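Data first, discussion second: the structure below is written as structure tokens.
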Amino acid sequence: VVGKAGPASVTEALAVGRGVLVTSYAGLNEAKLVRFLTRKGLGAYVPSPAQLSARLFEFALPSVQARVAERSRALGLPAMTRDLSRYLAE
């Protein structure tokens with residue numbers, strides 16, 4: 001997934017096991033989100049077209065996609081949604 005570091009977009013991408021290539025961000029929350037993605041190996045900050053091109057090739061590799069999907073699953077986002085819905089239904 002390529003785009004701005006919006007929390008909803010990033011969370012949706014990670015929930016389905018996709019990496020995120022961030023082209024821009026606004027504010028401290030989004031800057032922290034970029035650092036999280038980078039630190040966890042779930043994405044990268046790519047502010048220039050040349051950087052985006054290089055990282056697109058990297059993130060298109062099946063081995064990288066598998067690694068990102070595994071790390072995304074470890075976050076437990078789908079389970080969090082299910083658990084929250086159960087909690088709200090009680």
Side-chain angles (χ1 to χ4, degrees):
V1 175
V2 176
K4 183 177 167 287
S9 299
V10 169
T11 303
E12 290 170 0
L14 296 177
V16 296
R18 300 290 187 255
V20 183
L21 299 177
V22 177
T23 57
S24 64
Y25 61 87
L28 293 176
N29 288 342
E30 291 183 6
K32 289 179 182 181
L33 191 52
V34 170
R35 285 195 300 273
F36 170 81
L37 291 169
T38 303
R39 199 171 55 247
K40 297 290 187 179
L42 298 167
Y45 178 53
V46 290
S48 74
Q51 289 171 311
L52 175 59
S53 178
R55 296 309 291 261
L56 272 174
F57 283 108
E58 176 188 346
F59 274 77
L61 294 171
S63 61
V64 174
Q65 290 180 1
R67 184 191 76 223
V68 169
E70 181 180 323
R71 290 177 180 179
S72 292
R73 276 192 299 276
L75 296 174
L77 294 173
M80 286 181 205
T81 302
R82 183 189 62 241
D83 293 346
L84 178 59
S85 65
R86 286 182 182 159
Y87 173 77
L88 294 173
E90 292 177 353

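Here the structure is a predicted model, which means the values were calculated and not measured. All values below were derived from every heavy atom in this structure, side-chain atoms included, with hydrogens, water molecules and symmetry-related copies excluded.
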Show me the donor-acceptor pairs, under 3.5 Å and distance only, between side chains in residues 41-51 and residues at least two apart or in other chains.
from : atom 1 : to  : atom 2 : distance (Å)
S48  : OG     : Q51 : N      : 3.1
S48  : OG     : Q51 : OE1    : 3.1
Q51  : OE1    : S48 : N      : 3.3

query: Who pairs with F59 by ring pair (Phe, Tyr, Trp, His ring centres under 6.0 Å), at least two apart in sequence or on another chain?
result: none
message: Hydrophobic clusters here meaning ILVMFWY residues chained together by side-chain heavy-atom distances under 4.5 Å, can you tell me if L52 and F57 are in one?
response: no
- request: Determine the minimum heavy-atom distance between A15 and L77, stating which atoms define it.
  value: N-CD1, 3.7 Å
List, one per line, each side-chain donor-acceptor pair under 3.5 Å for residues 18-37, sequence neighbours excluded.
from : atom 1 : to  : atom 2 : distance (Å)
E30  : OE1    : K4  : NZ     : 2.9
E30  : OE1    : A26 : N      : 2.7
E30  : OE2    : K4  : NZ     : 2.6

message: Considering only residues two or more places apart or on different chains, which pairs with a residue in residues 53-76 satisfy side-chain hydrogen bond (donor to acceptor under 3.5 Å, both in side chains)?
response: R55-E58
field: Residue pairs involving residues 70-90 (criterion ring-ring contact (aromatic ring centres under 6.0 Å, His included); sequence neighbours excluded)
entry: none
